[in-house]
Every structure is written in structure tokens, then in C-alpha cells.
Amino acid sequence: MTSSDVAATVRSLMPQVIADLEELIAIPSVAFPGYPEEPVHRMAERTLALFREAGFAEARLMDVPTGYPPIYGEIPGPPGAPTVVLYAHYDVQPAPESQGWTSDPWTPTRKADGRIYGRGAADDKSGLATHLGMLRAFDGKPPVTLRLILEGMEETESNLEAFVEANPDLFQCDLFVICDMGNVRVGEPVLTTALRGDVSCTVTVRTLEHPLHSGVFGGAAPDAMMALARLLTSLHDDNGDVAVDGVTQGAWEGADLSEDDFRSMADTLPGISLPGTGSVTDRLWAKPSVNAIGIDTTSIAESSNVIHPVASAKISMRIVPGSDPEQELAALVRHLETHAPWGAQVEVTPVKAAPPYRVRTDGPGYAAAREAMAEAFGAPVGEAASGGSIPLLQTLEDASPGTEFVLWGPEDMAQTRIHASDESVDPDEIERMIVAQVLLLQRLAAS
Ligand SMILES: [Zn+2]
């Protein structure tokens with residue numbers, strides 16, 4: 001197929017691609033504990049059926065000790081052709097009403113802007129749709145050996161890393177194509193070259209043996225909630241930069257985003273200033289960030305004139321590409337243990353140390369992806385990083401040392417709102433990504 005044939009073929013396939021995507025969005029495949037299991041199993045079965053139909057005739061649900069099954073499949077290519085592993089995930093984030101959805105998250109809804117709204121429309125059912133469209137463009141007979149791995153628990157306690165470690169032979173390949181990313185803006189192609197890691201812990205602050213009357217004791221008795229607030233504040237300096245000793249800092253070499261662009265992507269409220277110093281992309285992609293993502297204390301409804309003896313928070317710190325997660329987590333723990341006011345007792349429990357990742361950009365796979373993407377989009381390809389983490393990448397690299405990665409997809413940063421309310425995807429971006437994936441495999445086969 002010439003590239004104009006590819007574009008025409010993919011265009012003709014789009015009604016089916018979108019129909020499949022909409023069917024999959026309607027299945028609430030939330031793999032978090034406490035959510036119904038039936039829809040996740042239904043999603044696994046339906047995804048499996050679609051990929052079988054599209055070319056992975058032997059694909060199957062794999063046995064795992066816990067959780068929902070990954071889907072694995074293989075299509076042998078011509079002798080001597082390279083091997084490519086396709087990755088996406090079929091589970092999604094929850095979509096609680098409290099997030100403020102303006103349409104039902106489980107009813108795919110095409111709005112006036114042409115985008116399709118629904119939980120998972122982008123993350124990562126658009127990745128499934130992209131892979132399906134590419135397979136159909138080749139009529140199920142790709143010019144390389146293809147392996148497929150679709151994860152069912154990416155958004156929660158992933159079981160895929162253990163699966164990869166137990167079955168490294170399934171993951172031997174020349175290139176991993178991770179379709180769970182996106183351009184900064186629709187239609188402007190970028191390849192993701194770095195991801196921050198994520199470390200987290202819980203911190204509990206104690207100041208008293210028991211609650212006290214705030215009138216009788218307030219003023220001299222230390223309040224655990226206020227002590228926790230001061231401890232949290234100490235994680236930033238006055239500029240809003242992370243002020244944790246020993247945490248690795250970095251700088252982003254590639255293109256920047258203006259503060260205005262960022263404001264419109266993040267929908268910050270009027271009058272809000274952006275914390276931190278350096279360029280916006282430094283702050284998003286190359287410097288650490290720290291946030292309090294949960295807090296346990298007395299609710300307003302249950303409050304009375306009482307000083308609280310104990311308060312807890314969960315802290316997440318995004319760490320920079322190239323840093324060591326255990327060391328970064330240790331620095332965070334040390335800070336929390338040593339910065340509480342009034343001699344408050346502090347107990348820190350580490351929760352997670354997920355590594356950052358830096359993509360190799362000097363190999364033939366990356367070069368082929370760059371060319372394919374430029375042709376599909378008709379525009380030069382930039383580089384971006386992602387503030388999000390995919391610990392799986394390091395596990396895959398360990399299973400297949402030296403293998404290259406391509407990280408891309410239809411989840412544009414500007415409008416997609418993954419994990420949030422009104423998640424959406426641009427169908428034209430899916431179409432361009434299918435074309436890019438087809439052209440990539442053609443280039444790999446020819447090289
Ligand atoms: Zn995802």
C-alpha cells in the first residue's frame with residue numbers, strides 16, 4: 001500500500017472503528033476493588049472477540065494469580081520480519097458523579113465539537129480502537145510478527161508486571177508500541193520520550209492522647225490537624241517549588257508550553273497563579289512535584305469544638321526521569337519525619353516507588369515511528385514528556401533488554417481530560433494514529 005492507499009483504506013474503516021470504540025466505552029470496565037466484576041469480564045471477552053476477528057485468531061485470556069486477565073495473542077509475520085509488541089489496556093478509571101460529568105460517562109456521546117465523550121473514550125479504549133483499525137487495514141495480515149498484550153488492571157493494582165516477569169519469552173521483540181499516550185494538541189504530532197515516576201506514602205501526625213475541648217485547652221494544646229497542615233506546607237518553598245532535600249531536579253530541553261496554553265488545558269480558575277519556577281514544561285516533565293492526594297480527619301459535618309489528636313494524609317511525589325525511586329521516596333520520608341512542628345509524633349508509611357522512564361531515541365524503531373507519524377499527520381514530529389508514570393516500561397525493558405519503545409496515541413493533553421470528568425477523544429486523531437501505526441509497521445518490514 002502506498003501512503004495515500006493507507007489513508008484511504010483507514011478512512012473507509014473508520015465507521016467500524018468508531019462503532020467498536022462506542023460499544024467498548026459503554027462497558028464500565030472499572031477494575032478497582034469494590035466495583036462490579038461482571039462488566040470487566042464482559043469487557044475482556046468483547047475485546048478478545050474483536051481482536052480475534054481482526055487477525056489475532058489465537059488470542060486468549062491469560063491465567064494470572066489475582067485480578068483480571070491480560071489478553072495475549074500473536075500473528076506470525078513473514079520469515080525474518082521484525083517482532084512488534086502492541087500494548088493497550090481495557091480497564092478504565094472510575095467515573096463518580098461527584099466529578100461533575102455533563103453527560104453519562106457510560107453512554108458514548110458525540111458533542112458539537114466532534115469529540116466522543118465517555119469514560120475510557122481516550123484512556124485507553126482509543127488505544128484498543130487504534131490497534132484494531134491498524135489490524136483491519138492489513139486485513140489481519142501485518143508485514144511483521146505482531147504480539148498483543150492488553151492489560152486489564154492498568155488503572156489499579158496492576159498484575160501485568162508480575163505476568164511479564166513470569167513469562168519473559170512472550171515479550172521478546174524489536175519494538176514495543178505503547179498506545180496509551182497522546183499529542184499535546186490534536187493534529188500536532190509528538191512522541192513521548194520521558195515519563196516521571198511516582199512515589200507515595202501516608203503520614204500520620206499525633207499531638208495528644210485524646211481530643212480536647214477547644215475552648216478550655218485551645219491556645220496551648222497542639223492541634224494535630226494544624227500540625228499536619230504545617231508539615232504539608234513545608235514540602236514547598238515560597239515559590240511553590242518542591243523543597244525536599246535530596247530530591248532530584250531536572251530541566252526540559254524540548255519545546256515549551258506557554259502559561260496561557262497550560263491554563264486553558266488545566267482549566268485553572270480565574271486569578272489562580274501557577275506554582276513553581278522554570279518553564280511550564282520543566283515543572284510538568286522535568287522537575288519533581290508533590291501533592292497531598294488524600295486526607296483523613298474529622299469531617300465538617302461531624303465537627304464540634306474539639307481539638308483533634310491525630311490527622312493523616314497521603315502524599316504523592318512525581319519524580320524526574322533518571323532518578324532512583326527508592327532514593328527519592330527515602331528523601332520524602334526523611335523530610336516528613338523531620339519537619340513537623342511542636343515535636344508532634346510523625347509516622348510515615350511508604351506506599352509506592354514507581355520508576356520514571358526515559359525512551360531511547362537513537363534506534364531504528366524510533367526513527368521509523370518518527371517518519372511514520374510525520375507522514376500520517378503531515379507535520380514535523382516534536383518530543384514531549386509525560387507527567388504520568390508507567391512502571392511497566394521498566395519491567396518490559398528488563399524482560400527484553402535493548403528493545404525500543406514507541407509511546408504515542410490519540411489522548412491529546414489539551415482536551416482529553418483522562419481520569420477526570422468529561423473525558424473525550426477526537427475521532428480524527430484516532431484515524432491519524434491508525435495511519436501512523438500502519439506506516440510504522442510497513443517501514444519496519446521494509447528495513
Ligand atoms: Zn491509560
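These values consider heavy atoms only, across backbone and side chains, with no hydrogens, waters or symmetry-generated copies. Because the structure is a prediction, the values reported are computed rather than measured.
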Looking at [X] and [Y], what are the two nearest heavy atoms and their distance?
X    : Y    : answer
A251 : A286 : C-CB, 3.3 Å
F171 : S400 : O-CB, 3.4 Å
G187 : E429 : N-OE1, 2.9 Å
A44  : I71  : O-CD1, 3.6 Å
D422 : S103 : OD1-N, 3.9 Å
N183 : V190 : OD1-N, 2.9 Å

Can you confirm whether more than 12 heavy atoms, excluding those of [X], are under 6.0 Å from its [atom1] atom?
X    : atom1 : result
M62  : CE    : yes
E38  : CD    : yes
E23  : CD    : yes
R263 : CZ    : yes
D245 : CG    : no
D113 : CG    : yes
D63  : CG    : no

I'd like to know if the side chain of [X] reaches the main chain of [Y], judged simply by a donor and an acceptor atom lying under 3.5 Å from each other, with no hydrogens or angles considered.
X    : Y    : answer
T130 : I434 : no
E431 : P427 : no
R318 : G197 : no

Determine whether the side chains of [X] and [Y] contain a donor N or O and an acceptor N or O closer than 3.5 Å.
X    : Y    : value
H308 : T297 : no
H419 : D123 : yes
D256 : T281 : yes
T66  : N159 : no
K111 : S424 : no
D198 : S316 : yes
S29  : D91  : no
K314 : S200 : no
T248 : S323 : no
E423 : W101 : no
Y357 : E397 : yes
S421 : R417 : yes

**OP:** For the pair R432 and Q437, evaluate side chain to side chain donor-acceptor pair (under 3.5 Å) and give the outcome as yes or no after the intermediate values.
**Re:** CA-CA 9 Å; R432 287 185 284 265; Q437 292 208 161; over 6 Å; no
Original post:
Is there a side-chain contact between V290 and H236, using heavy atoms and a 4.5 Å cut-off?
Top reply: yes
Ion pair present between [X] and [Y], side-chain N to carboxylate O less than 4.0 angstrom?
X    : Y    : answer
E188 : R185 : yes
R443 : E375 : yes
E259 : R283 : yes

Original post:
OH of Y68 to CE of M153: how many Å apart, nearest 0.5 Å?
Top reply: 7.0 Å
Original post:
To the nearest 0.5 Å, what is the distance between CD1 (I293) and CD1 (I315)?
Top reply: 8.0 Å
Subject >> Test log, rule side chain to side chain donor-acceptor pair (under 3.5 Å), inputs S158 and E151 >> reply: CA-CA 8 Å; S158 171; E151 181 173 15; 2.4 Å; yes
Original post:
Mind checking whether Y87 and H89 have parallel, tilted or perpendicular rings, split at 30° and 60°?
Top reply: tilted
